[in-house]
Amino acid sequence: MIKTADDGQIAGVYYGRRLTDDPRMFSNYQKETREGITIDVPEPGCFTPVLSRAEYPVYGTGDYRTPAFEVRNESNGSLLGRFEYQSHRIYAGKKDILPLPSTYTMNDDEADTLEITLHDPVLHTDLLLSYTIFRDFAVITRHASFLHHGESPVSIRRAMSMSVDFDGSAFTMLQLSGAWAREKYVKTRPLTPGISAIQGIDGTCGGCEQNPFLALMRPDASEDTGEVYGFSLVYSGNFLGLVEVSSYDITRIMMGIHPINFTWRLEKGESFTTPETVMVYSGNGLNGMSQTYHSLYKTRLQRGPWREKERPILLNNWEATHMSFDEDKILRIAEKAKDVGAELFVLDDGWFGERNDATKGLGDWFVNKEKLPSGIDGLSEKIEAMGLQFGLWVELEMVNKDSRLFREHPDYVIGEPGRFNSTGRHQYVLDFTRQEVVDAVYEMICRVISGARISYIKWDLNRYMSEPFGKELPPERQGEFMHRYMLGVYGLYQRLTERFPSILFESCASGGKRFDPGMMYYAPQTWTSDDTDANERVKIQYGTSMVYPLISMGSHVSAVPNEQMNRVTPLASRANVAYFGTFGYELDLNLLSAAEIEMVKEQVRFMKKYRRLIQVDGIFYRILSPFESNECGWIVVSPDRTRALALYFQTLNQVEAPICYFRLKALEPGMNYHIAQSVGGKKKEMDARGDELMYAGIQIPRADLTDAGGDFTSVLFEIVQTE
């Protein structure tokens, strides 16, 4: 609910649970004024700046909290601004904001959009605030656009996608933080006066350090109860999520492009649009918030033929071979993948140029005929002849110095002339702000894809940006560099997905650095983490599920000792955790024992049986948090509650552990269910009513967990309605 003051300023009156539509709504709303409080109210009927709940706040006119925007008047250097209400309109449906990704509607009756136009008469600039309210989701999406009309240019130095003020500060802030190989750990903190913030300023991805998401939880909120407000930014570049509690106990939250190293110059007639923020309200705790994000992102962010489509079970050769392989070795691995029932073979790094290690060849997107004499086209035909689909790894945004591309075009890399240019993993960043660079990469990779039978592309990125400087950008536009870079990445994704619409793209950035809604618009799944250790993965996937649906999580079974942790976990647990994602293998199956191969075959059969429930139809609930105890648990339930699949996982075995009852969720209390539970190869069956399973729970078989190895063991529950 938005209110307009007599001086043209607008403020948010209410954001929360849906209210009854009534023309008398908030007719008694008082614009509180106080004397002697820093800045006087201009006239009766106006908002007191420091007490206002400004809808898109400005600095410099009495509100000393963080502003949503800052625009420099280039004619006199002023940073003052005051946008006043001019008009508004409401229309059915939702527009896209290309070249930025965003959520969408299939039909106009799915949503209504409000656009509010404000104008600054000194800057001669319009500000358009856009709000879309979805019919079937407790969601509001927001973004802002600036349109400049003046003869003298202006420069935008801050432009948040949204800002919301709440009365009171009794919130807990939840964020997803970590590092490489421990992405999206759940972190919480109570709000106090001052600023709490998350950010990503590495330039090229949302980052594993902080994900572009945060939530505010009321004091009584839990996984299943209480009010939660979620904020998720549909963007893959530098971002800021900020929460500020004022001295008058007003909580302001805003999210958008990070103002560090950002400016955007507008000449007459030019415009700038911010990325979209997806705001979710839940009255049913964190699970309610997550389920809204899952449903929206599965159906109204992911696009194309892979939207809501079961994902193929794959085998990736990376951990089996790294870059040391030839065609015969690849074919032997693929043949074994076919034998166990896999559907897709993915050839990872090392197939191109002189790529025998990480120091050379990157950027040379033509096949290495010494390794693959049949080429990618010939290899893909042989893989398909086995009955498998074929996939390929690429890293299109980077280049090695030791490469043909760099030798021919050293100017293609970013960096200021005369300064040292840092490398990461022996790589430089290509300047995707330049269309000729994007075109060159596009043409190279299209020649590979067009000539082969490719069903899947894994698009990797293995370093952050440094020395961000565009050699072709004029001085006054250098602050636009990082955002223009992301527009270049999005543009390349757009062209490739349009030219090859049937290909399944998976985003990857040394694992989960670039796991964000912006990427999901183009790549409907993301490699969740390079860390494939089962014990670490329960934490990583648990945290990722706060925002992202299971169908978007790349999850594989890898060999032990684990490459990242040097830890040995049971094969059953590795699969049990990986089921709750896209599922696949990252190892050489030829090295497994006969007994292990039989287990793998059973795992593949199991996933094929349940993947539609897990990935498409099911509703996901978290039960036990691995961040709070030695245990983790979750469940996926069909919409009609007739089928479910649940996982219990323990980290370390315990001596004489207390009896544990695993209480399931979201079943029908009066419904009868048959439960098959599996642990360490042992299977037990039982029948019970839904209320018993949820309120009394299922006793965890401690002795069976010990027999199965103790540490890092798990129980998988198949739950089906009976008459």
Do [X] and [Y] meet the criterion of a side-chain donor-acceptor pair at a distance under 3.5 Å?
X: Asp126; Y: Thr117; result: no
X: Asp96; Y: Ser102; result: no
X: Ser422; Y: Glu467; result: yes
X: Ser152; Y: Glu74; result: no
X: Glu223; Y: Tyr621; result: no

Check whether any side-chain heavy atom of Val186 sits under 4.5 Å from a side-chain heavy atom of Gln175, and report yes or no. no

Heavy-atom check, side chain of Trp180 versus side chain of Glu209, under 4.5 Å: no

Counting only N and O atoms by type, is there a donor-acceptor contact under 3.5 Å from the side chain of [X] to the main-chain atoms of [Y]?
X: Glu276; Y: Thr103; result: yes
X: Thr125; Y: His148; result: no
X: Gln291; Y: Phe620; result: yes
X: Arg622; Y: Ser545; result: yes
X: Gln9; Y: Phe83; result: yes

Answer yes or no: is there an ion pair linking [X] with [Y], defined by an N-O contact shorter than 4.0 Å?
X: Asp108; Y: Arg135; answer: no
X: Asp220; Y: Arg218; answer: no
X: Lys268; Y: Glu270; answer: no

Applying ring pair (Phe, Tyr, Trp, His ring centres under 6.0 Å), can you list everything that pairs with [X], at least two apart in sequence or on another chain?
X: Phe262; result: Phe272
X: Phe213; result: none
X: Phe166; result: Phe171, Tyr229

Rounded to the nearest 0.5 Å, what separates atom CD in Glu115 from atom NE2 in His88?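 Going from CD on Glu115 over to NE2 on His88, the span is 11.5 Å.
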
Value for CZ (Arg300) from CG (Asp136), rounded to nearest 0.5 Å, stands at 8.5 Å

With a 6.0 Å cut-off on the ring centroids, do [X] and [Y] count as close?
X: Tyr548; Y: Tyr293; answer: no
X: His483; Y: Tyr235; answer: yes
X: Phe481; Y: Phe469; answer: no

Over 12 foreign heavy atoms within 6.0 Å of OH, Tyr59: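 Open: at most 12 neighbouring heavy atoms sit under 6.0 Å from OH of Tyr59.
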
Single hit among Leu176, Val280, Val278 for side chain to side chain contact (heavy atoms under 4.5 Å, CB included) with Val547: Leu176

Could you go through Leu242 and Thr66, starting from their C-alpha distance and side-chain angles, then the distance that decides it, and tell me whether this counts as side chain to side chain contact (heavy atoms under 4.5 Å, CB included)? CA-CA 9 Å; Leu242 181 146; Thr66 304; 4.0 Å; yes

